[in-house]
Amino acid sequence: MLNEKVAKILNSIADYLEMEDDFFRVKAYRQAAHSVEVLTTDIETIHQEGELIKLPGIGQHIAGKIEEIIEKGTADFYEKLKEKYPVNFEELRGVEGLGPKTIKLLYQELGVKNLDDLEREAKRHHIRRLKGMGDKKEKALLENIEFARKFKKRSLLGEVLPLAREVKKKIEKLSLADRVEVAGSIRRYKETVGDIDILVITSHPQEVMDYFVSLDLVGEIIVQGPAKSTVRLMGGVECDIRVFDEEVFGAALMYFTGSQELNVEMRKIAISRGMKLSEYGLFKKEDRLAGKTEREIFQALKMDYIPPELRENRGEVEASRRGDLPSLIELKDIRGDVHLHSKWSDGKTGLEEMVEGARKQGYEYLAFTEHTGSLKIANGLDEEKLMQQAREIDHLNDELDDISILKGAEVNIDLDGGLDIKDEVLQEMDVVIAAMHSGLNQGYFDLTRRIVNAMENENVDIIAHPTGRKLQKRKESEVNLNQIFEVAQQTGTLLEVNSNPLRLDLRDMNVKRALEHGCKLVINTDAHSPDQLNNIHLGVGTARRGWAQKKDVVNTLPLKGFLKALKN
DNA sequence: GCCGTTTTCGGCCCGACTGTTTTCAGTCG
């Protein structure tokens, strides 16, 4: 799949063009990049069929660039821009307050190409002498370089969401706010998060702001005003808080939930109906038609309500206008977690503690799926041990009447695509998960073949964390997902949405692609301790971002139905 | 550079804040 590469180059071109004055050309390239990014089909296929220019925002010109990228791996135009501006744009953009115009100025006047150059020139006080710059700007840049170095990455949703909820709770406890909501990419359940956005309705803005900036979670105050304050929390994440009137809160919530791309679409729709949409409401001339709730704004624009997880401008606007949005799976639909570990392999607690954790989630069933033989590092179980655990589970089940424990294993797919547990033993298991834990750097064909081999084994019910990625650590392995989805559909193998905050694998877009291939999913936590069972909402959020409905996810079924949905 | 149930040319999302400015450019969300 070249989709990602094509989108990246188109976005880079837009970055470079931002330094020039043709603002609308920048927009065109960004729109084209977005179109490619959200594709669920292979861009090469679309190119072969001559359908590139049918994609939104892609015309003759950009289609030509894409063709070049597919055929040569790059585009001349892009190479020329790189020569013209040999700067590390991405790195410099990471510095707060440094935009394309300033980057261009700094490069042309002082030869600044990267953070080190920037720091040197700021320390020499060369920057304050430039047009439009001053001592304050120079000082701010110097301070922000440090943060750009330390926290250049976005944070993981799984880490930031609890922080956001804590801030929300504290403000609610103060009892001066009528409503507190977390907005932004957290509300959309995006896998990584830039900052925390909190919106408040209050008649005591000053007191709320004073309280907010004095929280012990706060490391540094960046901006403090009556309507908006920004702080940096301990650990480096920025947190914004904004005050709105009740009458416009829905509009504000919609606006600050984003995404940016969706906001743009929504405003265009408003304009096409002779209205104007902003964070202060939906207006016709001076009259506010809607704004109190998100729902009334959608309604006034003759659209169905779009759940936050879908707000990425990936086709949800059209679906909403057609009345064709999916009815997304919800957290409460999950009836069991079937990828769990205990002390038997590399988990932290015994079986009983995990069962108690699953009970707290309100589940009907759970499955222990320990690592197996060849995965020595995780204390993998051999056939004998697996059967021993199975007998212990039988005993436990005899004592329980409110929840069922399933016997399982997470078998390792070896370098040849074989499994490390014999079929006779796998047949005894209720749930067999197969996963790759080594050799992830092998070539494309080998990795794909390993997974396909595993799926063709009739004992294998689930492929766990199919791409093996770890957020910000290891990228998706180079597998042919189209082929994997096809075989999964044909063999009835379930694909996992793993809820581990570092994995979220399949990720949102791949969930959507899998569903378009007719695959079925299972959402698991892969918990190694009872508290990790709570991560399930991250998997559900990811599945929702991939347009998954209850019927697509088999562990929403009651036990009998679930077992029936497995192979055999 | 793209696009068209008002358009093949003239548009292209909106508002706030900051720092540099005497009316605005750049950045951010």
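Labels below follow one simple rule: chain letters A, B, ... track the order of the sequence lines, proteins then strands, and each chain is numbered from 1.
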[X] to [Y], cation-pi by 6.0 Å centre distance and 45° axis angle:
| X | Y | result |
| --- | --- | --- |
| Arg545(A) | Tyr189(A) | no |
| Arg311(A) | Tyr305(A) | yes |
| Lys65(A) | Phe77(A) | yes |

[N] to [M] separation - [atom1] atoms, rounded to the nearest Å:
| N | M | atom1 | answer |
| --- | --- | --- | --- |
| dC14(B) | dC9(B) | C1' | 25 Å |
| dG15(B) | dG10(B) | C1' | 24 Å |
| dC17(B) | dG11(B) | C1' | 28 Å |
| dG4(B) | dC13(B) | P | 14 Å |
| dT27(B) | dT21(B) | P | 15 Å |
| dC2(B) | dT8(B) | C1' | 12 Å |
| dT20(B) | dC24(B) | C1' | 9 Å |
| dT5(B) | dG1(B) | P | 23 Å |

Using only heavy-atom distances, determine whether the side chains of [X] and [Y] contain a donor-acceptor pair under 3.5 Å.
| X | Y | answer |
| --- | --- | --- |
| Thr257(A) | Arg187(A) | yes |
| Glu79(A) | Thr74(A) | yes |
| Tyr29(A) | Glu18(A) | no |
| Asp304(A) | Ser320(A) | no |
| Thr230(A) | Asp240(A) | yes |

Write out a two-atom table: protein N or O, nucleotide N or O from nucleotides 10-13 of chain B, distance below 3.5 Å.
{"residue": "dC12(B)", "atom": "O3'", "partner": "Lys27(A)", "partner atom": "NZ", "Å": "3.4"}
{"residue": "dC13(B)", "atom": "OP1", "partner": "Lys27(A)", "partner atom": "NZ", "Å": "2.5"}
{"residue": "dC13(B)", "atom": "OP2", "partner": "Lys27(A)", "partner atom": "NZ", "Å": "3.1"}
{"residue": "dC13(B)", "atom": "O2", "partner": "Arg267(A)", "partner atom": "NH1", "Å": "2.6"}
{"residue": "dC13(B)", "atom": "N4", "partner": "Gln260(A)", "partner atom": "NE2", "Å": "3.1"}

Between [N] ([atom2]) and [X] ([atom1]): distance, integer Å:
| X | N | atom1 | atom2 | result |
| --- | --- | --- | --- | --- |
| Glu279(A) | dC17(B) | CD | P | 10 Å |
| Asp197(A) | dC28(B) | CG | P | 15 Å |
| Tyr78(A) | dG1(B) | OH | P | 17 Å |
| Phe256(A) | dC17(B) | CZ | P | 10 Å |
| Asp135(A) | dT18(B) | CG | P | 17 Å |
| Leu55(A) | dG1(B) | CG | C1' | 15 Å |
| Leu105(A) | dG19(B) | CG | C1' | 14 Å |
| Ile241(A) | dG29(B) | CD1 | P | 17 Å |

Ring geometry between Tyr85(A) and Tyr107(A) (parallel below 30°, tilted from 30 to 60°, perpendicular above 60°):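 If you compare the ring of Tyr107(A) with that of Tyr85(A), the planes turn out perpendicular.
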Pairwise N/O distances under 3.5 Å, protein to nucleotides 24-26 of chain B:
{"residue": "dG26(B)", "atom": "O3'", "partner": "Thr102(A)", "partner atom": "OG1", "Å": "3.2"}

Heavy-atom neighbours of Lys470(A) NZ exceed 12 at 6.0 Å: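 Atom NZ in Lys470(A) is not packed in, count stays at 12 or less.
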Check every strand shown and say whether Lys228(A) touches a base, only sugar-phosphate, or nothing at a heavy-atom separation below 4.0 Å. nothing
Counting any heavy atom closer than 4.0 Å, what does Met133(A) reach on the DNA or RNA strands: base, sugar-phosphate only, or nothing? sugar-phosphate
Most 5' of Val95(A) and Glu138(A) on DNA chain B, judged by nearest nucleotide: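 Nearest nucleotide further toward 5': that of Glu138(A).
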Toward the 5' end of DNA chain B, which comes first, Arg25(A) or Tyr280(A), by nearest nucleotide? Arg25(A)
Any idea if dT21(B) is syn or anti, going by the 90°-from-0 cut?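 Base orientation relative to the sugar is anti.
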Salt-bridge test for Glu316(A) and Arg322(A): reply yes if a basic N is under 4.0 Å from a carboxylate O, no otherwise.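 Looking at Glu316(A) and Arg322(A), the cut-off is not met.
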Phosphate-side-chain proximity, Arg30(A) and dC2(B), N/O vs OP1/OP2 below 4.0 Å: no
Identified pairing partner of dT8(B), criterion: Watson-Crick or G-U wobble below 3.5 Å: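 Result: none.
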